[in-house]
Number of protein chains: 2
Amino acid sequence: MVDETEAEFLRRYNIHDYDLPLVSVDLAIFTLRDQRLQVLLVERGAHPHKGRWALPGGFVDLKQDRELLDTARRKLQEKTGVRTPHLEQVVSVGSASRDPRGWSITILFMALIPPVSLQGGGAVDDVRWWPFADACALPLAFDHRELLLQARERLRNKTAYTLLPIHVLQPPFTLTRLQQAFEELLGEPLEKKSFRRRILSADVLEEVGEDLPEGGRGRPALLYRLRRGAEQHVFSRVVLADRL
Amino acid sequence: MVDETEAEFLRRYNIHDYDLPLVSVDLAIFTLRDQRLQVLLVERGAHPHKGRWALPGGFVDLKQDRELLDTARRKLQEKTGVRTPHLEQVVSVGSASRDPRGWSITILFMALIPPVSLQGGGAVDDVRWWPFADACALPLAFDHRELLLQARERLRNKTAYTLLPIHVLQPPFTLTRLQQAFEELLGEPLEKKSFRRRILSADVLEEVGEDLPEGGRGRPALLYRLRRGAEQHVFSRVVLADRL
DNA sequence: GCAATATAGTGGCCCATAGCCAATATATTT
DNA sequence: AAATATATTGGCTATGGGCCACTATATTGC
């Protein structure tokens, strides 16, 4: 190394400039808490953008041969403890200007999980759920606001023609709760009868319980959960929004 | 640099191992030629995988601050001369094993363009159109067969619920040709009357010509092209396949 | 106990539209 | 002029979404 210039050294690594690409994975983890769409953010403890809220994620460990999806899954479990949620790749963004440390690229994933209490033993006070609108209003780190909006858009689209929002509920759930979840993620009200027709005819739900005190009044609702083996069918095209 | 070890030097660049990530963009460029779905491949002239066919693409120039989409657009124009086609990001794949030169990531784009003759002045004999099935049967470089299949899947999905296949035809075109394009990209036959109803009611086509010799017999067909200003509506959700 | 109220679930009509297939229109070929 | 080929349209039927009221079953308040 003594005889090399930096440029020569870098060229030996197939890098044709001083800039080295940084590869990271970021996650937009959505859930439904208090009937509202919420997203998990972490407060950055280091520069750059120290103190700002950001999507959870981090650099990809280049030492291990691991798929990007695996990397995302691990980071999801680190933050939430959830193992088998819905996790899908949304988009990748790369440029020289999005991170002051140099050219960087991030692969954005979207996760849908049931509401979980973050195992905030005490030291991890820098991670919390934010209602989506509040999260957007924050001065997020890097281009994470743009990333968050792209994930939100993907979520809205998927909600319109798949049954993915099932994953943001803790089973078992009632059909009314499920409809409220769809409405919140979709951003518009749905018709009760049509919703039930479509959901039940998709044959992905399983009637599990009979009753539900639910704190309250009114006729008890039937309880459902995702039918065993129907995980794949959640992706099937089921149009729920009125008048596409 | 004299006092640094390689590891220290790399750490200064925020790289925590000797492996440096390679960032590339690859394109699955689709068109319809001779009524068949075809894809553009280039024959690699250098190692690794020299002599094998591969998706067009290349490393991202880290010296310039350019969006990934811009990079893809430039590479598309280099190969085909086409400027304003449909171009969308499909997926990103990264791992240590997909390229023998080290950890690498590629961002896969899908392009839909009308059939163009490659300006093969003579030296560029290493680039040609392949019917999709033939391309899949080739021993492609790297993991490009997997990438090609993912792009094909995206194309099939988009064909089922958008009007994107319009872009693989050279305007003006007849409704019959358009239907044949949809059928080829979708992989199944469509009903004539239903197809025309949906396409015309989407209001994205403009009647441009009156007649078409078309070499042949039968009543001349009306000619259409994408209506000015309707480019956005091509993405709107229009279900064409029977019985979703 | 009974009426009022609240929520869950269902019945049933209307209408848009996809599927289907035949009829009509307009060209070339024989 | 008839046969043939392709384009375009007409029209019927069945499916299913939108809509809204009705029934079912619980709690609360008197």
Side-chain angles (χ1 to χ4, degrees), chain A residues 35 159-163 169 171-184 186-225 236-244, chain B residues 35 159-163 169 171-184 186-225 236-244:
Chain A
Q35 310 272 55
T159 301
Y161 61 91
T162 75
L163 304 178
L169 290 184
F173 45 80
T174 70
L175 288 185
T176 300
R177 291 260 178 247
L178 187 60
Q179 181 175 344
Q180 289 167 343
F182 271 86
E183 289 172 337
E184 170 72 7
L186 199 58
E188 56 182 341
L190 295 172
E191 212 282 325
K192 182 166 64 170
K193 186 64 186 298
S194 303
F195 179 80
R196 286 162 179 255
R197 245 194 316 240
R198 299 292 290 182
I199 291 286
L200 293 178
S201 74
D203 195 34
V204 297
L205 293 187
E206 168 178 67
E207 197 182 313
V208 55
E210 287 262 314
D211 268 15
L212 177 76
E214 184 89 24
R217 356 228 277 199
R219 174 174 171 177
L222 294 178
L223 291 173
Y224 294 86
R225 70 176 172 207
S236 63
R237 214 159 292 284
V238 178
V239 180
L240 287 163
D242 358 38
R243 209 127 304 269
L244 296 200
Chain B
Q35 309 273 53
T159 301
Y161 61 90
T162 76
L163 304 178
L169 290 184
F173 45 81
T174 70
L175 288 184
T176 300
R177 291 260 177 248
L178 187 59
Q179 181 175 345
Q180 289 167 344
F182 271 85
E183 289 173 336
E184 171 72 8
L186 199 57
E188 56 182 340
L190 295 172
E191 213 282 325
K192 183 165 61 171
K193 186 65 185 297
S194 303
F195 178 80
R196 287 163 178 255
R197 245 195 315 241
R198 299 291 291 185
I199 292 287
L200 292 178
S201 74
D203 195 34
V204 297
L205 294 187
E206 166 177 68
E207 198 181 313
V208 54
E210 287 262 313
D211 267 14
L212 178 75
E214 184 90 22
R217 355 228 277 198
R219 172 174 171 177
L222 294 177
L223 290 172
Y224 295 86
R225 70 176 171 206
S236 63
R237 215 160 290 285
V238 177
V239 179
L240 287 163
D242 1 39
R243 209 128 305 269
L244 295 200

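Order of the sequence lines fixes the chain letters, A, B, ..., with proteins taken first and strands second; residue numbering starts at 1 for each chain.
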[X] has an atom [atom1]; how far is it from atom [atom2] of [N], in whole Å?
{"X": "L223(A)", "N": "dT7(C)", "atom1": "CG", "atom2": "P", "result": "17 Å"}
{"X": "I199(B)", "N": "dT17(C)", "atom1": "CD1", "atom2": "P", "result": "15 Å"}
{"X": "R196(B)", "N": "dT9(D)", "atom1": "CZ", "atom2": "C1'", "result": "9 Å"}
{"X": "Q179(A)", "N": "dT7(C)", "atom1": "CD", "atom2": "C1'", "result": "13 Å"}
{"X": "F195(A)", "N": "dG9(C)", "atom1": "CZ", "atom2": "P", "result": "12 Å"}

Original post:
Just wondering, do T174(B) and L222(B) contact through their side chains at under 4.5 Å, heavy atoms?
Top reply: no

Measure the [atom1]-[atom2] distance between [X] and [Y] for me, rounded to the nearest 0.5 Å.
{"X": "F195(B)", "Y": "L175(B)", "atom1": "CZ", "atom2": "CG", "answer": "7.0 Å"}
{"X": "T159(A)", "Y": "L190(A)", "atom1": "OG1", "atom2": "CG", "answer": "10.0 Å"}
{"X": "L200(A)", "Y": "Y224(A)", "atom1": "CG", "atom2": "OH", "answer": "5.5 Å"}

Counting only side-chain heavy atoms from C-beta out, which of [options] sits nearest to [X]?
{"X": "K192(A)", "options": "dA27(C), dT8(D), dA8(C)", "result": "dA8(C)"}
{"X": "E191(A)", "options": "dC19(D), dG19(C), dT26(C)", "result": "dC19(D)"}
{"X": "R219(B)", "options": "dA25(C), dA24(D), dT10(C)", "result": "dA25(C)"}
{"X": "A221(B)", "options": "dC19(D), dA8(C), dT8(D)", "result": "dT8(D)"}

Original post:
With nearest nucleotides of DNA chain C determined for K193(B) and Y224(A) from heavy-atom distances, which residue corresponds to the more 5′ nucleotide?
Top reply: Y224(A)

Original post:
What residues form a side-chain contact (heavy atoms from CB on, under 4.5 Å) with E184(A), not counting sequence neighbours?
Top reply: L32(A), R36(A), L37(A)

What does the list of N/O pairs under 3.5 Å between the protein and nucleotides 1-4 of chain D look like, with a distance for each?
none

Subject >> Partners passing side-chain hydrogen bond (donor to acceptor under 3.5 Å, both in side chains) against E206(A) (at least two apart in sequence or in another chain) >> reply: R225(A)

Subject >> Which residues share a salt bridge (charged side-chain N to carboxylate O under 4.0 Å, His left out) with R196(B), sequence neighbours left out >> reply: none

**OP:** Hey, which sits more toward the 5' end of DNA chain D by its nearest nucleotide, T176(B) or R197(B)?
**Re:** T176(B)

